[in-house]
Amino acid sequence: MSKAATSIIKWIVDPKKNPLAAIHHRAVAYRLKKYGLRYDDLYDPYYDLDIKEAMSRLPREVVDARHQRLKRAIDLSMKHEYLPKDLQARQTPFRGYLQEMLALVKKEKAEREALGALPLYERTFP
């Protein structure tokens with residue numbers, strides 16, 4: 001990909017530079033706050049094994065907090081309710097907890113592939 005294309009893509013997704021990206025960012029934050037979720041909670045460990053590996057390396061408290069947020073969101077969704085407004089105001093939907101560990105896992109995976117080593121994990125179907 002050329003440098004110009006990369007800079008255009010960065011501009012398109014940066015909410016500080018692109019007003020449409022800012023509108024989308026606010027809409028996503030609004031919807032996540034309704035259920036008390038964070039953006040990193042939306043990643044599925046069963047879909048991507050790198051996410052599963054990154055989740056296994058996180059501290060137990062962080063994983064437990066994620067599970068509690070997901071359970072609360074499912075419960076609220078089933079009841080067709082939202083978090084109370086005072087709790088919605090305290091939510092931080094874009095405070096990440098998974099991205100750093102995920103970047104480390106992807107870096108290790110790329111390094112293993114470059115060295116020709118076997119992968120740490122593989123998906124197998126019974």
The salt bridge (charged side-chain N to carboxylate O under 4.0 Å, His left out) partners of R69 (sequence neighbours excluded) come to D41
Sequence neighbours excluded, which residues qualify as side chain to side chain donor-acceptor pair (under 3.5 Å) partners of Q91? none
With sequence neighbours excluded, what pairs up with E108 under the side chain to side chain donor-acceptor pair (under 3.5 Å) test? R57
Among all residues two or more places apart in sequence or in another chain, which pass the side chain to side chain donor-acceptor pair (under 3.5 Å) test with D40? Q99
For N18, which residues count as a side chain to side chain donor-acceptor pair (under 3.5 Å) partner, sequence neighbours excluded? none
Name all pairs fulfilling the salt bridge (charged side-chain N to carboxylate O under 4.0 Å, His left out) condition that reach into residues 14-39, sequence neighbours left out, sorted by first residue then second. none
Suppose we screen for salt bridge (charged side-chain N to carboxylate O under 4.0 Å, His left out). Which residues come up paired with R95, at least two apart in sequence or across chains? none
Linking I/L/V/M/F/W/Y whenever any side-chain heavy atoms sit under 4.5 Å apart, do V105 and L49 land together? yes
Can you list the residues that meet the side-chain contact (heavy atoms from CB on, under 4.5 Å) rule with K107, with sequence neighbours excluded? none
More than 12 heavy atoms from other groups under 6.0 Å of OH on Y97: yes
If you group Ile, Leu, Val, Met, Phe, Trp and Tyr whenever their side-chain heavy atoms sit less than 4.5 Å apart, what else falls in with M78? I74
Counting neighbours of CD on E81 that are heavy atoms of other residues, nucleotides or ligands and sit closer than 6.0 Å, is the number greater than 12? yes
Does any pair with a residue in residues 54-90 pass ring pair (Phe, Tyr, Trp, His ring centres under 6.0 Å), and if so which ones, sequence neighbours excluded? Y35-Y82
Set of residues satisfying salt bridge (charged side-chain N to carboxylate O under 4.0 Å, His left out) with respect to K109, sequence neighbours excluded: D50
Please, which pairs that meet ring pair (Phe, Tyr, Trp, His ring centres under 6.0 Å) have at least one residue in residues 11-32, sequence neighbours excluded? H25-F94
